[in-house]
Amino acid sequence: MIKLTNVDKQYTDHHALNQVSVTFPEHQTTVILGPSGAGKSTLLRAINLLERPQAGQLTIGEQTVDFSQPIANKEVLALRRKTAMVFQSWNLFPHLTILQNITAGPIHVLKQDKAAAEAVALKLLKQVGLEETAHRYPGQLSGGQQQRISICRALAMNPEYILFDEPTSALDPEIEAQVLRILQDLAKDQHSMIVVTHNMEFARRVADQIIFVEDGQVAFAGSSTAFFNRPTQRIADFLDAMKF
Amino acid sequence: MWQIIQSSLPEILWAGIKYTIPIAVISFAIGLVIAAITALVRISIPRGNAVGKALWQVARGFFSFYVWLFRSTPLLVQLFIVFFGLPNVGIQFDAWTAGIVTFSLNTGAYASETIRGAISSLPNSQWEAAYSLGMTYRQVLFLVIFPQALRVALPPLSNSFIGLVKDTSLASSITILEMFMVSQQIASHNYQPLLMYSLVAVVYALFCTVLSILQHYLEKRMSRYVVAQGE
Ligand SMILES: Nc1ncnc2c1ncn2[C@@H]1O[C@H](COP(=O)(O)OP(=O)(O)O)[C@@H](O)[C@H]1O
Ligand SMILES: [Mg+2]
């Protein structure tokens, strides 16, 4: 389980997270929705400590840290090992081949044997239909291919949770569907996932839980059915605005 | 004339192999390490408690001062201060060590700016992607940041290295018997300064040309993944 308790993140001129408390159950897919600038990325990045909130607690599994205290580097690394992140613009390492991109974490962080790590990487590449790209560089591939590879990079770490920050926002619609299908399969396989997205269809079909964030606050947390039943005027307005 | 060249060239080349090249290579290697540390201290954001932050600020001030000092004074003056000046305060180096120390510090100051620029040119998302995999600071640096920064920094660093090879001629002023000093000595015996200095110039040019070729080869090799992007 991942749990945030009273998490507060203040930028110099913006209160990005305002007393956020939220729980992400294991083996479930939580979709985070909300308008642009609401604090969705900040929330996600607080979980793997790419952002440091000023206050509140983060619990992942057995480990809890208090953001108002200095966090030992060892603890940061241990927490980060429990999650893996898929970024909006994939952020593959351009100087490494696809295979090296996927095995860098397993070899250097998890201390896996190189041959074993490569075997896993090739298996993952096969699952997303990209095994023939193993020895190419990211710059030679399309955005959709790179995003699928970044999903492999995350999976290769065998994380407790996978965090997705708008994984398809930079992709063309037909490519988006391809990537979302992979996410859907992962959800079916009971992976624990937290997905920030603007794709309502995905939220409706895949989310076990929906978190609606606005102005740095959690304005709704509940089932997808409850959410799409328009429990508040604000959510109804948001859902209407997402239509065209 | 051939006679003179034939008799003096081996001596000059030998001085090059014994002093010029080792001084340049060793100083550059040490300089790069100094440069990388300096660049990292100057770009990183202080973390931790108040004492840690204060110490970090002091370190940054120190490295900034160092870079300023070596970039705003002539190399020849630096060599004189280290070799002839420091003994006055009890710090004594032999000429060889004084040369290495000065050339390393000088290279470090210039190269740190190059490396700082190269690292800063990489998108922050590269750090984040690496950190999100659970890598340590050191792993992020050596696996993700330095390889990419090196590609960006390679042309200016190559220029620095070629510059350093030529600047080693200044070591003659602190009694090091490098190529220029040797040709000077030969010229003072055979009264052929034009021939001797031209000869040593050709040898410097030869060294530097080889380095340029090496640079092009390395640039090509390191840019494989970027060239690929154009496909
Ligand atoms: N590094 C930063 N410095 C200042 N403000 C920031 C920074 N990062 C994000 N913000 C602000 O915090 C708010 C929330 O950002 P973000 O979490 O990225 O929103 P979302 O992902 O929901 O679009 C935004 O208003 C944004 O401008
Ligand atoms: Mg965002």
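Throughout, protein chains are lettered first and strands after them, A, B, ... in sequence-line order, and every chain is numbered starting at 1. Only heavy atoms go into these numbers, but all of them, side chains included; no hydrogens, no water, no symmetry mates.
- Other residues, nucleotides and ligands place more than 12 heavy atoms under 6.0 Å from the CD atom of A/E174.
- Of the atoms belonging to A/S150, not a single heavy atom falls under 4.5 Å from chain B.
- Within residues 131-157 of chain B, the residues having any heavy atom under 4.5 Å from a heavy atom of chain A are, by residue number, B/Y131, B/S132, B/L133, B/G134, B/M135, B/T136, B/Q139, B/L143, B/V144, B/P147, B/Q148.
- Using a 4.5 Å cut-off between heavy atoms, A/F93 contacts chain B through both its backbone and its side chain.
- Heavy atoms closer than 4.5 Å to chain B are found in the backbone of A/L92, but not in its side chain.
- When the heavy atoms of residues 22-33 of chain A are compared with those of chain B, none of the residues falls under 4.5 Å.
- Atom OH of A/Y11 has more than 12 neighbouring heavy atoms from other residues, nucleotides or ligands inside a 6.0 Å radius.
- Contacts between residues 152-159 of chain A and chain B, counted as heavy-atom pairs separated by less than 4.5 Å, involve A/R153, A/M157.
- Of the two parts of A/N91, the backbone and the side chain both hold a non-hydrogen atom closer than 4.5 Å to a non-hydrogen atom of chain B.
- For residues 35-45 of chain B, a heavy-atom distance under 4.5 Å to chain A picks out no residue at all.
- Counting heavy atoms from C-beta outward, B/E128 and A/R45 have side chains that approach closer than 4.5 Å.
- Among A/R80, A/Q100, A/H95, the residue with the largest count of heavy-atom pairs under 4.5 Å with chain B is A/H95.
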